[in-house]
Amino acid sequence: MSEAAMPVLEARHITKRFPGVVANEDVNLKLYPGEILALLGENGAGKSTLMNIVYGLYKQTEGEIIVRGKPVEMSNPNDAIQLGIGMVFQHFQLVPVMTVAENVMLGSETIKRGLLDTQQVAERITELSQRYGLAVDPYAMVEDLPVGVRQRVEIVKTLYRNADILILDEPTAVLTPQEIDGLFDVMELLRSQGKSIIFITHKLKEVLRISDRIIVLRDGKVVGEADPKTATQSTLAAMMVGREVILTVDKDEAQPGPVVLDMQDVSAKDDHGQPALRNVSLQARAGEIVGVAGVQGNGQSELVEVLTGLRSLDSGRITINGLDMTNAGPRRVTQDGQSCHVPEDRHAYGMVDAYSVAHNLVLNTYFQPPFANGLTVDEQAIRRHAEDLVERYDVRTPNVSVHAANLSGGNQQKMVVAREFSRPVKLLIAAQPTRGIDVGSIEFIHQQIVAKRDEGAAVLLVSAELDEIMALSDRIAVMYKGEIVDIVPRNRATREGLGLLMAGAHSEEPAPVAGKAG
Amino acid sequence: MGGISLRRIGRALLVPALAVITALLIGAVVMLIFGDDPLAAYRGLFSGAFGNGRAWSTTIRKMTPLILTGLSVSVAFKAGLFNIGASGQFLIGTVFSVAVGVSFEGLPIYVHLPLALLAGILGGMLWGAIPGMLKVFTGAHEVIVTIMLNYVGALFAGWTVYAGGTQGQRPGPLWDPTAGAISETADVFPSAQLPWIFGPPYRVHWGVVLALLAAVLIWWLIFRTTVGFEMRTVGQNPRAARYAGMSVSRMVILAMVMAGGLAGLAGAIETLGLNHKFAPEFSGAVGFDGITVALLGQTNPFGVILAAFMLGALDAGAARMQFQSGVAADIIQVIQALVLAFVAAPAIIRQLFRLRRIPEQIEETTLRTSWGG
Amino acid sequence: MTKNGVLKKSQWIAGALAVAAVVMAVLVNTTALGQYTWLRVLFGVSALNFTLRASVPLVLGALCGILCERTGIINIGIEGMMLAGAFAAFVAKVATNDWPLLASLLFGVAIALAVGALMGLLHATLSIRYRMDQIISGTVIIILAAGTSAYLFDRDAVAQGKFGPVRIPLLADIPVIGDILFQNPPITYMALLLVVIVHVGLFYTRWGLRSRACGEHPRAADTVGINVNRYRYLNTMLGGALAGLGGGFLVLEAVGQFQEGMTAGRGFISLAAMIFGNWNPFGALAAATLFGYTQALQNELLLAGVTQAPRQFISMLPYVVTIVAVSGFVGRVRPPAAEGKVYETEGSSE
């Protein structure tokens, strides 16, 4: 990493404008051979846009990309691939119903007598996976693979194309702490073999651990460069957000009351009819936050769906506030169960994009007075209600008749939170409540969750972000392959311990506090 | 959907109006290519639709069932369903209303007529319920089922008036023995006929008023009631609807039943007001036209009225056009397809006329694509 | 789909039924069993021959659907593409009545293919370039084809001659089976061959791999440099050509003339065959044969006069079977994940 070396990749004065938005403004960046460069920034800072330009998916509005000293014009990913650039996307770009080999060769097929030569591709994959410690079965169907393995397939895909500049977009978001260690080992191995890596993330700890250099992006601009040897989490956070950030959530000791949510031996299947929950038992008491941790796809989504009436149970029993809610359906769970639900995917479940903010704010209360009188709806009442909530929950919108699709992600989420939290509830179920939104909105939502707990609600918080679980929960349940492997009180939980549980290891001690303490 | 301003209405009308004009222009080019005289054709078309009182009454007559089938398709659209089955529902509605109309001699008109109309609605509802239930309980896509039911419905309707076969096949239950070997029903009793607003030669019956009332009712239902809110939510985002505690299954069935009922009412009005009987050659093509009407009217009930007027005028003028200019009336079908294309892809019109894309505040109708799995 | 494609139970059942049908057919046509009218209706050479003839347009239509939908374009306009192909074949045939018969017929086939492909291009353009809802775009294709063919149809025109059967030496001498399978006109052979070609193409070639990727996960295809929309245009046109050939079959091989609306729902039944066959060419062939058989049965029942059921109910058979098939199976099949959705490269918004 000598200063004299010529950068393998350089971005000069890159500006990217979308209609109404400047995603990148005058960004300069250099990547030297054999280094890991971290690109740090919060959601929406323009990291992914910049990398999509480097990978040929977007065309920059201004500026130029220089690869190995030569300015290049890229019109599609093919050009980038030709130049030895490979990208591992945050949302994996794999075809679920195809095999690993088919996915790897897609776009760079090997042909023998007019037909695909799968065998040769498979051999090449085996060879690559041995060399870089990326064990994958070339003939496995991608949809059957766990998340960690899919990521390996993505990396193999870039190596198969002989990439020596690798872009990893938020690669740790879906991994357990131990899997992250494994990924970092692979990254170091790749670096030692001369590959250059751009590591995109918003996680401060990881940046300090793995990178050789850090570039911080905010609002589409480079706000500075940092050296991981001297930087600290708080200096990086301040650069990333532009102000002092409270890294911890302020909250008092929980005062648990009576049991609000009680699920006993619940089993359920996923959309493909495979078992997704196996004999899950979990309780949540009034005034406590129970966090549910786990690698995505281990049954957390199904857990939430079962609790909120969106998925039916095969066996088991759910009680909310002493009422039997087994297979009750969403309407009864929210009404009789006095519960609310912030769904994990707001676009799929939590909102109707083409509805106004006002209509979205009555999505599940539209039939109650004052919004409806018997059969007819009262648009005036709906509007007044919306204006009140928008104010109280700081939803930034020009007015309440704007289509919800036009709000930013953070404001959409605040709109959903406003609708759900503004009802008097005894049980709050929040799934990935801060996924993909800005730090300001995250802080706000975290405060609201703690406030609900202090008002006496039982809170079930499902999150893939271990930091969020650690920051908010009073007890932490860990899921693996549809089971709750353990429930740990917050004060006895460590990242490493949780990580092992997330990978399926049962805790050493018989967990005396776990089930009963809650 | 709150404030209604003239500007908004104007903006909403711009693209459909340009779509119709463009379709007529392209129709003219097609006629030129194949040696027809478009000017003469359109002159004939216009005079056939608006030339005199009788022309106007024809337009109104043609418009009436189109309003109802257009509403039928629109209601399904609002719930995210594509009802290609309006023609089958129309025919079953026809058969049911005729069945009541040729029975119960001596009932007073204020009992018999409503009964016959209700029977038509009921028949259509039944035929609409089948694809709705199959979709909910088996996942069968409504597009294929409604299309197949169009054929089945036409065959079933044909059988009810079947004069019988040579191999001992019994005649259909509605066949009129006095018609001999001809397959048709008797005339419905006068007590089941819709009275004229303007009698012959104008022949405008009260059906048009019923159709307009239906449009107002449907508008109110969709935009002013909780049921309408649920239906639109299901159409926009079924998962969010489920999350919000609405019953997607109930809305899917309800929307298809309503759609069927509206198409069935169209069939009832057409027979009770105009034909007074049913024969197998009566087609439900007007049901298929409902798709064009619904899209041209942007699935808004008032838009549907305007669109039905537009298409009704085209239909009304077609015969006179063929008679006056010798251009085959089938060109109208080509023009209708073009209208449909242009309203369904406003991007073409915007590009042609260099219009700016206006930020849409109308809920764009989205169909649930894919065959479900 | 290729490697770990486990033969599912339904496929075993289908296979067993097919074998049973062949055995019955041989028995009925060679032994005294043929005296029973009902058995002759169900398994006679003419019933099975008719089955094959009725299946050809369905197979071609279903292949059209498979090509389009495997790349992510829903095509309910098969009916319209087929009708356009039929009309085009008729016009071409009439215009070349004075050519040698074979040349004239081949010209008809070529034009049917070309017009079908053009309809495919129109469907692709409307749904990709102009982002029209694909189901509505399909409806436009249907109405346009029906209207245009009716407007342009010269009811006095007569096409002279049609394709005759071609005996395949040796094979045609096998009793019963030879009569059914190896004495057919050329488009029938071509349709069966196309099933194999499309199957190999989809699952064993670069084109097929890329096409399927476009239909399942277009962004994944895009990120490895595949031009998603180019594949969608290409396959929709290829599919359109096949549907056009299906129409050409009706005019040039089955009927010999054109009639308004002569496709009579075959395009829609093809669609059901595609779904029923789980978007696989051989599956679609099996389903098309089943639907073809119901049509044959309808025909045979009416001819044989073995039933007093009014003909309308017998004619409902193919449509009812289609509804039953779609209702019973749609929950168990898995359509291409990305079908019906416009794919936009993310940078294209400027």
Side-chain angles (χ1 to χ4, degrees), chain B residues 30 34 82 84 130-131 134 137-141 143-145 147-152 155-159 162 164-172 288-289 291-292 295 327-338 340-341 344-348 351 365-373, chain C residues 69 74 76 79 126-127 129-153 260 264-265 268-269 271-272 275 305 307-313 315-316 318-320 322-323 326-341:
Chain B
V30 171
F34 293 98
F82 192 22
I84 311 195
I130 299 172
L134 286 179
F137 296 117
T138 73
H141 199 282
V143 165
I144 292 188
V145 178
I147 289 169
M148 292 301 132
L149 283 178
N150 284 343
Y151 293 104
V152 177
L155 287 164
F156 176 82
W159 165 73
Y162 180 42
T166 49
Q167 287 155 350
Q169 290 96 338
R170 304 237 307 273
F288 221 76
D289 295 341
I291 299 166
T292 315
L295 290 171
V327 178
D330 300 297
I331 187 75
I332 296 302
Q333 234 190 319
V334 179
I335 292 171
Q336 284 188 10
L338 292 169
L340 177 61
I348 304 177
Q351 191 181 333
T365 310
T366 40
L367 285 171
R368 239 169 297 149
T369 39
S370 175
W371 303 111
Chain C
E69 300 211 353
I74 288 192
I76 71 158
E79 178 85 6
L126 289 177
S127 42
R129 171 114 195 257
Y130 293 108
R131 315 174 71 225
M132 194 189 283
D133 185 291
Q134 291 169 15
I135 290 192
I136 294 173
S137 170
T139 312
V140 169
I141 300 278
I142 295 166
I143 300 181
L144 197 63
T148 315
S149 61
Y151 169 63
L152 298 178
F153 183 34
E260 274 181 57
F268 298 118
I269 297 178
L271 209 54
I275 295 174
T307 165
Q308 292 186 356
R311 62 177 171 80
Q312 287 89 351
F313 286 99
S315 303
M316 278 178 200
Y319 307 114
V320 173
T322 305
I323 293 177
V326 169
S327 306
F329 276 80
V330 110
R332 274 159 245 172
V333 295
R334 187 162 167 188
E339 72 174 9
K341 296 177 193 123

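Note that this is a predicted model, so its numbers are computed, not measured. Note on naming: letters A, B, ... go to the chains in the order of the sequence lines (proteins, then strands), and numbering restarts at 1 for each one.
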Checklist entry - Given that the side chain runs from C-beta out, which part of C:Phe313 has a heavy atom under 4.5 Å from chain B: side chain, backbone, both or neither? => result side chain
Checklist outcome for this item: When the 4.5 angstrom heavy-atom criterion is applied to B:Ile84 and chain C, the contacting part is side chain
Next on the checklist: Please classify the contact between B:Leu134 and chain C as side chain, backbone, both or neither, with a heavy-atom cut-off of under 4.5 Å.
Outcome noted: side chain
Next on the checklist: At a 4.5 Å cut-off on heavy atoms, which part of C:Ala145 comes close to chain B: side chain, backbone, both, or neither?
Outcome noted: neither
Checklist entry - Out of B:Ala341, B:Ala329, B:Pro131, which one racks up the most heavy-atom pairs below 4.5 Å with chain C? => result B:Ala341
Checklist entry - Quick check, are the ring centers of B:Phe156 and B:Trp159 under 6.0 angstrom apart? => result yes
Next on the checklist: Suppose we screen for side-chain contact (heavy atoms from CB on, under 4.5 Å). Which residues come up paired with B:Pro171, at least two apart in sequence or across chains?
Outcome noted: B:Trp175
Next on the checklist: Using only atom types and a distance under 3.5 Å, with no angle test, would you say the side chain of C:Glu260 pairs donor to acceptor with the backbone of C:Ala150?
Outcome noted: no
Next on the checklist: Please classify the contact between B:Ile147 and chain C as side chain, backbone, both or neither, with a heavy-atom cut-off of under 4.5 Å.
Outcome noted: side chain
Item to check | Test side-chain contact (heavy atoms from CB on, under 4.5 Å) applied to B:Leu149 and C:Tyr319, step by step | outcome: CA-CA 8 Å; B:Leu149 283 178; C:Tyr319 307 114; over 6 Å; no
Checklist outcome for this item: Okay, C:Ala338 and chain B: the region with an atom under 4.5 Å from a heavy atom over there is neither
Item to check | Heavy-atom contact with chain C under 4.5 Å, split by part of B:Leu295 | outcome: side chain
Checklist entry - Top residue by heavy-atom pair count (under 4.5 Å) with chain C, among B:Thr292, B:Ile331, B:Leu340, B:Val327? => result B:Ile331
Checklist entry - Passes side-chain contact (heavy atoms from CB on, under 4.5 Å), B:Val30 versus C:Thr148? Steps please. => result CA-CA 10 Å; B:Val30 171; C:Thr148 315; over 6 Å; no
Checklist entry - In terms of heavy-atom proximity below 4.5 Å to chain C, should B:Phe137 be classed as side chain, backbone, both, or neither? => result neither
Item to check | Whether B:Tyr151 side chain and C:Gly265 backbone form a donor-acceptor pair below 3.5 Å | outcome: yes
Checklist entry - Looking at C:Leu152, C:Val320, C:Ile142, which has the largest count of heavy-atom pairs under 4.5 Å with chain B? => result C:Leu152
Checklist entry - With a 4.5 Å heavy-atom cut-off, do B:Phe82 and C:Thr139 have their side chains touching? => result yes
Checklist entry - Does any heavy atom of chain C fall under 4.5 Å from the side chain of B:Ile348, the backbone, both, or neither of them? => result both
Next on the checklist: Taking side-chain contact (heavy atoms from CB on, under 4.5 Å) as the criterion, tell me which of C:Ile136, C:Asp133, C:Val140 meets it with C:Leu126.
Outcome noted: C:Val140
